[in-house]
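Reckoned from all heavy atoms, side chains included, excluding hydrogens, waters and symmetry mates.
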Amino acid sequence: MTALGFLYPGHSAEDDYPRMEQMLGSDIRLQVVHTDIGEDAHRVDALLEMGSPARLAAGVEELRLSGAEAVVWACTSGSFVHGWEGAHDQVRALARTAGLPASSTSFAFAHAAREVGAACVAIAATYPDDVAAHFTAFLKSAGLEVVATRGSGIITAAEVGTWGRDEVFALARAGDHPDADALLLPDTALHTAAYVRDLEASVGKPVLTANQVTVWEALRLAERRINAPELGSLFTKEPVVQAEGTPRG
């Protein structure tokens, strides 16, 4: 059994995690602890406070007691808004507090893009344009070329959490770019776990979504490799451990 811990801000699309747990197989457990979101706003000052050390530390003890082997701050905007160095500081502080390997969704995107061989990416974001620009800058600091960034102007995670399949596919189509090696959808408030494979078929390239890469990053920290094709190209890399119930060959 591999137990993985996630600090998730508020309540929006956390039901993606039990869904992904089912996709990954019976020996993976995804433990979600909700952090206090403070003001629900995709606004820089609110996001900086959302990812503050005190808010993250509050959920750490519950994750430690759950037996988690690694912890990921399951929030993209609440990590990249701190900038490249600030996001590193955030993760280092989390690792010290938890006594566990730690990361965040922003770093998960950078690592996952390399995993699928994407040097150039397009961003289809739910955020206002100024917040999306911070994610673009973060990825550029990670060495990725961002060929297009599209914001959607959504202010609250609560609204994003109401989006269904049609809205997600419209976002992906609007934000894709022909020169991009992969398409990124960076908001853990967005339900995507059920759609990744179909999204990739729709745009014809790897699609990386926030909750998907967050779980992959936790597995990476725990040194687990899982083959779960329902979760897209990111989860079909060799060498793999076959997910339960997934056909071989």
Side-chain angles (χ1 to χ4, degrees), residues 1-37 50-51 55-79 90-91 94-95 97-109 111-112 115 157 160-161 168 185-197 199 207-237 240-246:
M1 173 67 70
T2 299
L4 305 171
F6 303 91
L7 295 174
Y8 186 94
H11 298 266
S12 296
E14 65 271 22
D15 48 330
D16 265 6
Y17 289 82
R19 180 185 292 272
M20 288 186 286
E21 185 177 87
Q22 291 181 339
M23 294 175 178
L24 294 173
S26 60
D27 72 329
I28 302 294
R29 183 160 55 89
L30 307 182
Q31 178 68 35
V32 175
V33 171
H34 297 275
T35 65
D36 180 7
I37 198 171
M50 185 193 303
R55 290 186 186 274
L56 299 190
V60 164
E61 186 60 22
E62 185 176 345
L63 285 182
R64 286 168 56 87
L65 293 173
S66 76
E69 298 177 28
V71 58
V72 181
W73 167 223
C75 184
T76 325
S77 56
S79 47
Q90 182 186 59
V91 166
L94 179 57
T97 302
L100 296 168
S103 189
S104 68
T105 303
S106 292
F107 289 114
F109 271 110
H111 298 152
E115 179 74 5
V160 174
V168 172
L185 277 62
D187 194 340
T188 58
L190 188 66
H191 289 91
T192 59
Y195 315 136
V196 176
R197 187 162 58 179
L199 283 167
V207 174
L208 302 176
T209 73
N211 290 320
Q212 169 218 34
V213 302
T214 298
V215 170
W216 177 85
E217 180 78 344
L219 287 164
R220 187 187 68 82
L221 291 175
E223 299 183 341
R224 289 294 307 269
R225 300 293 297 266
I226 303 292
N227 186 31
E230 284 184 272
L231 286 170
S233 301
L234 182 61
F235 280 85
T236 57
K237 299 287 287 185
V240 299
V241 177
Q242 197 77 14
E244 183 178 301
T246 303

**Asked** Please walk me through it: do V215 and L231 pass side-chain contact (heavy atoms from CB on, under 4.5 Å)?
**Response** CA-CA 10 Å; V215 170; L231 286 170; 5.8 Å; no

**Request:** Give the intermediate values and the outcome of side-chain contact (heavy atoms from CB on, under 4.5 Å) for residues T97 and L56.
**Result:** CA-CA 9 Å; T97 302; L56 299 190; over 6 Å; no

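Side chain of E69 to main chain of G67: no donor-acceptor pair is present (N/O by atom type, distance under 3.5 Å, no hydrogens or angles). Side-chain N or O atoms of H34 include none that pairs as donor or acceptor with a backbone N or O of P9 at under 3.5 Å. At distances below 3.5 Å, not a single donor-acceptor pair connects side-chain atoms of E115 with backbone N or O atoms of L234. Side chain of S106 to main chain of T76: a donor-acceptor pair is present (N/O by atom type, distance under 3.5 Å, no hydrogens or angles). Listed for the T188 side chain is a donor-acceptor partner under 3.5 Å among the backbone atoms of A74. Distance alone, capped at 3.5 Å, is enough to place a donor-acceptor pair between the H191 side chain and the G161 backbone.
Atom CG of L4 and atom CH2 of W216 lie 13.0 Å apart (nearest 0.5 Å). Atoms CG and CG, on L208 and L185 in that order, are 9.0 Å from each other to the nearest 0.5 Å. For the atom pair L94 CG and L7 CG, the distance stands at 6.0 Å (nearest 0.5 Å). Note that CG of L65 is 10.0 Å distant from CD of Q31, once rounded to the nearest 0.5 Å. For the atom pair T2 OG1 and R29 CZ, the distance stands at 10.0 Å (nearest 0.5 Å). Here the straight-line distance linking atom CG of N227 with atom CG of L24 works out to 10.5 Å at 0.5 Å rounding.
The pair R19-E230 does not count as a salt bridge, with every side-chain nitrogen at least 4.0 angstrom from each carboxylate oxygen.
Using a 30° and 60° split on the angle between ring planes, F6 and Y17 fall in the tilted class, from 30° to 60°.
Scanning all heavy atoms of the two residues, the minimum distance from Y8 to A189 falls at OH-CA, 3.7 Å. Across all their heavy atoms, A193 and M20 have their closest contact at CB-CG, 3.7 Å. For the pair L221 and A70, the tightest heavy-atom approach, listed with the atom from each and the gap, is CB-CB, 3.7 Å. Contact between D16 and L190 at its shortest, heavy atoms only, is OD2-O, 3.7 Å.
For the pairing with S103, the side-chain hydrogen bond (donor to acceptor under 3.5 Å, both in side chains) check across Q90, R220, E217 returns one residue only, E217. For the side-chain contact (heavy atoms from CB on, under 4.5 Å) with V196, the lone residue among V168, T209, N211 that qualifies is T209.
Few gaps surround CD on E61; more than 12 heavy atoms of other groups in view lie less than 6.0 Å from it.
Contact annotation: the side chain of D27 approaches that of R224 to within less than 4.5 Å [non-hydrogen atoms, C-beta and beyond].
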